[in-house]
Amino acid sequence: MSVPLKHSLHGKMLLYLALPVMLIITGMLSYAYLSSLEQVTTQAKLNLSQTADTIAARVNEETQLAVRTTQVMALAQQNGLFGSREASVELVRSVLKMNPAFVGASFGYEPNADNQDNAYIDAPALKEGRFVNENGRFLPYWYRDFNDAEQLLLEPLVDMQTSLYYQGVRQQFLRDGNTSTMITEPYVYEGRMLVEQSTPIIINGEFVGIATVDRALADITTFLKTIKRQSKIDVLLLSQQNKVIASTLNPSELITKAIMDTDYASLAKKLKSRVHTTEVIAASDPFDFETYYFAQTQVNTGDWTVIVRRSEADIIGPIQAQFRPLLVTAFASLLLVFLLFWHFINRTTKRINIAIDAVERLASGDLSINVHKYMNKKDELGTMFKSFERLIKASKEIDQVCSAIAAGDFSKMVSKRSAHDSLSDSINLMSAKRHDAEQALVKQTIALQRTQQELVEAEKMSSLGSLVSGVAHEVNTPLGVCVTATSHLREMLIDTKNKVASGTLSKTQFSEFISEVDLSCDILLKNMQRAADLISSFKRVAVDQTTEELRNLYVSSYFNEVLKSLYHTLKATPVDITISATEPEPEVYSDPGALAQIFTNLVMNSIIHGFENGSQKGQISVHIEYSDSVCIHYQDSGQGMTDEVQKKVFDPFYTTNRAGGGSGLGMNIVYNLVVHRLKGQIAVKQKESTGVYFFIQFPVTPPK
């Protein structure tokens, strides 16, 4: 059943008109919201940075006032007031009285700096208090009564020898002549945060005392609280040593603490890295975990630091409240459009999903798809399903032809569906070429097998020829000794015969003749036996290599027989070969020809490749173990193999000695003899020590 035209038009209007309009409106609202948010945030950051500068300027102004006051007091001493103790006491009181922000002021002379200490030891005190200590030293310190700020009290300074405000200034001048004012680290005294400004008094180039002012930070704290009420901005004031000396944040917990010892340590590090910039950063507060904007600036006088913060919620809250209803309305409208759109295309979507599923199944090779019932719809999707049905039929035909080709049946062909159907032509051409290629491959395989067999037989005959040559050379040696001994014996026999005939043979000469005969016979017997042994070993090994008959044998003994046949080749090399076996060694029913060729090829491979054609000294050890099968451990101490050689060692025609005449068939023959003739297995391993290690395993009795 087709979709009604009215519904289709409504769906298209919603899809092509209403939806884009709603998306544009939503986008515009979102852009306006984000732009307003960015502007407000930028302005808030600028205001926050300016507020930090304002607070720093205010703190700097009050600090400079205290510094200038101490400098004026020191100048007064240096310009005629020094030594006028009563006038100096009155000056200190005037300074304190005229500056409500100061809680204390003083002069402090060095001991007897004005040569009047003895005269003032018993001087009467003023009504407000004394201005010298028990030694008459001039130390007037005026301070405000903590209970009544209008009342000023007087007493001499104490603990000067350990105080920074006195000894720090004194050592600073004595060390490098520095006469600048020192601002001490703020401290808490009787519940109030105080800071001292101290300026040295220098007369005739000598340090004679100090002028000081004590300032309470209560006014700064009040100022910071006013800032917080007016601008919703919190403030932290840090000393030169980064201790909190004023704060609108939990003052009881932070005051006097080093900022790096609080939860604000990580934030302080971030701000410290931006000390020379005006950058404002956003971070989560460690106490309430809300997001705040933080700014930092320096107070020039005293090297203090001002840190301010403002809540992100206070900044963007009004913007969010203004735009939230508009955004909610826009998103609700968009949701409604999508619901309507879904309502009108739901049925179409289901059929499209069926088509997608059918395509996926066809792409995965499933040809059992049936879409016939969806072809009756008289719309675009119905037409699509008809075309899809044709595609399925064509795919089934192609699958049948390809399956036949894979099975070796080249008689089936793909029908050409149209003049543009190049796929059917390609498959049919592939079938014909595949048939021709398989025929050619069969012929090449037969030729290759014949060639390989001829090469293997040539390798065997070459090995047998070397064996014959070596044995012939070895047999010549004992036979030559026999000829020499026989010639010597004949000469002695003729000489003795002549002496017997002439009657001149003495008993002594006859005795010497008998001894020589005995010695010559012994030499003849030993060398003839040696030649017989060589020929016997050669006969057994040669016969074994030219036949494939199985017989009973002891593997270690047989390897020694093969070793004798290789004596001519091995005697000129400094390589020691040892053969051992587990005791008692059982008799094995196996192929001696295969064992002889395996052992010969392994030994010659070690001599040629491991020991540089026998020019290097080394060892070859062969150990045979028995269990359910025969296990041969072959190890040499030669140069070993690289990883690349080890991977290809059994490949036919692979050799590293091509220039030296190597054919690359030796180890391939070993592999085929072990695997195919002996029905066993062989592996090569690179051990931690030098050389190469082969492991060979085959049944004690070959399977039938």
Side-chain angles (χ1 to χ4, degrees), residues 449 451-467 541-542 544-548 550 553 555-556 558-563 565-566 569-570 575 577 579 588 590-611 613-614 620-625 629-642 644-658 660-687 691-699 702:
Q449 290 175 346
T451 301
Q452 185 176 9
Q453 184 63 31
E454 290 174 354
L455 288 172
V456 171
E457 292 299 325
E459 182 77 12
K460 289 172 61 177
M461 294 308 296
S462 174
S463 175
L464 187 59
S466 297
L467 175 62
V541 174
D544 288 337
Q545 291 194 19
T546 55
T547 64
E548 296 184 1
L550 305 182
L553 54 85
V555 177
S556 63
Y558 188 69
F559 280 176
N560 281 309
E561 291 287 344
V562 176
L563 202 58
S565 68
L566 298 175
T569 302
L570 299 177
V575 179
I577 302 177
I579 300 173
V588 175
S590 188
D591 185 339
L595 290 174
Q597 193 153 8
I598 291 168
F599 181 67
T600 300
N601 283 11
L602 289 177
V603 170
M604 295 311 299
N605 195 64
S606 294
I607 296 296
I608 294 170
H609 298 286
F611 301 111
N613 289 315
I620 297 175
S621 64
V622 181
H623 182 67
I624 303 105
E625 294 180 347
S629 58
V630 180
C631 299
I632 300 175
H633 303 270
Y634 181 93
Q635 172 78 52
D636 70 30
S637 61
Q639 296 179 358
M641 299 181 184
T642 64
E644 180 183 0
V645 173
Q646 186 171 328
K647 291 177 182 178
K648 299 180 179 180
V649 66
F650 296 123
D651 291 354
F653 308 110
Y654 176 77
T655 178
T656 59
N657 189 34
R658 188 78 65 189
S663 65
L665 286 174
M667 294 309 298
N668 179 252
I669 290 174
V670 169
Y671 178 84
N672 286 316
L673 289 174
V674 171
V675 174
H676 300 298
R677 288 273 291 276
L678 300 182
K679 308 301 180 183
Q681 56 185 354
I682 181 171
V684 59
K685 299 179 181 178
Q686 194 79 27
K687 287 200 168 184
V692 69
Y693 167 75
F694 287 95
F695 175 76
I696 300 172
Q697 184 178 22
F698 58 89

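In this structure, CG in D636 is found 6.0 Å from CD1 in I620, a value given to the nearest 0.5 Å. To the nearest 0.5 Å, atoms CD (Q646) and NZ (K685) are separated by 10.5 Å. Distance check: I696 CD1 to I682 CD1 gives 4.0 Å after rounding to the nearest 0.5 Å. Summarising the geometry, atom CZ belonging to R677 is positioned 10.5 Å from atom CG belonging to N672; distances are rounded to the nearest 0.5 Å.
You'll find the side chain of I669 reaches within 4.5 Å of the side chain of Q597, heavy atoms only. For the pair L595 and V562, the minimum side-chain heavy-atom distance is 4.5 Å or more. Side-chain contact check for L563 versus L570: some heavy-atom pair is nearer than 4.5 Å. The side-chain heavy atoms of I632 and F695, taken from C-beta on, include no pair separated by under 4.5 Å.
Considering only residues two or more places apart in sequence or on other chains, Q681 meets the side-chain contact (heavy atoms from CB on, under 4.5 Å) condition with Q697. Not a single side chain to side chain donor-acceptor pair (under 3.5 Å) links S621 to another residue, sequence neighbours left out. Every residue two or more places apart in sequence or in another chain was checked for a ring pair (Phe, Tyr, Trp, His ring centres under 6.0 Å) with F611, and none qualifies. Checked against side chain to side chain donor-acceptor pair (under 3.5 Å), S637 has no partners two or more places apart in sequence or in another chain. Considering only residues two or more places apart in sequence or on other chains, F559 meets the ring pair (Phe, Tyr, Trp, His ring centres under 6.0 Å) condition with F599. Residues that satisfy the side chain to side chain donor-acceptor pair (under 3.5 Å) test with S590, not counting sequence neighbours, are absent from this structure. With sequence neighbours excluded, the residues satisfying side chain to side chain donor-acceptor pair (under 3.5 Å) with Y634 are S606. Looking at residues two or more places apart in sequence or on another chain, you find a salt bridge (Lys or Arg N to Asp or Glu O under 4.0 Å) between K648 and E644.
The two residues A596 and Y558 come nearest to each other via the heavy atoms CB-OH, 3.6 Å. The minimum heavy-atom distance linking L678 with P699 is given by the pair O-CD, 3.2 Å. Of all heavy-atom pairs between M641 and V692, the closest is CE-CG2, 3.6 Å. The minimum heavy-atom distance between V630 and V588, with the atom names listed, is CG2-CG2, 4.0 Å. In plain terms, the two heavy atoms of F698 and S629 that are nearest each other are O-CB, 3.3 Å.
The aromatic rings of H633 and Y693 sit parallel to each other, their planes meeting at less than 30°, with 60° as the upper class boundary.
Screening D591, N601, I598 against L673 for a side-chain contact (heavy atoms from CB on, under 4.5 Å) leaves a single residue, I598.
Within 6.0 Å of the OH atom in Y671, the count of heavy atoms belonging to other residues, nucleotides or ligands does not exceed 12.
Judged purely by atom type and a 3.5 angstrom limit, N560 uses its side chain to pair as donor or acceptor with the backbone of S556.
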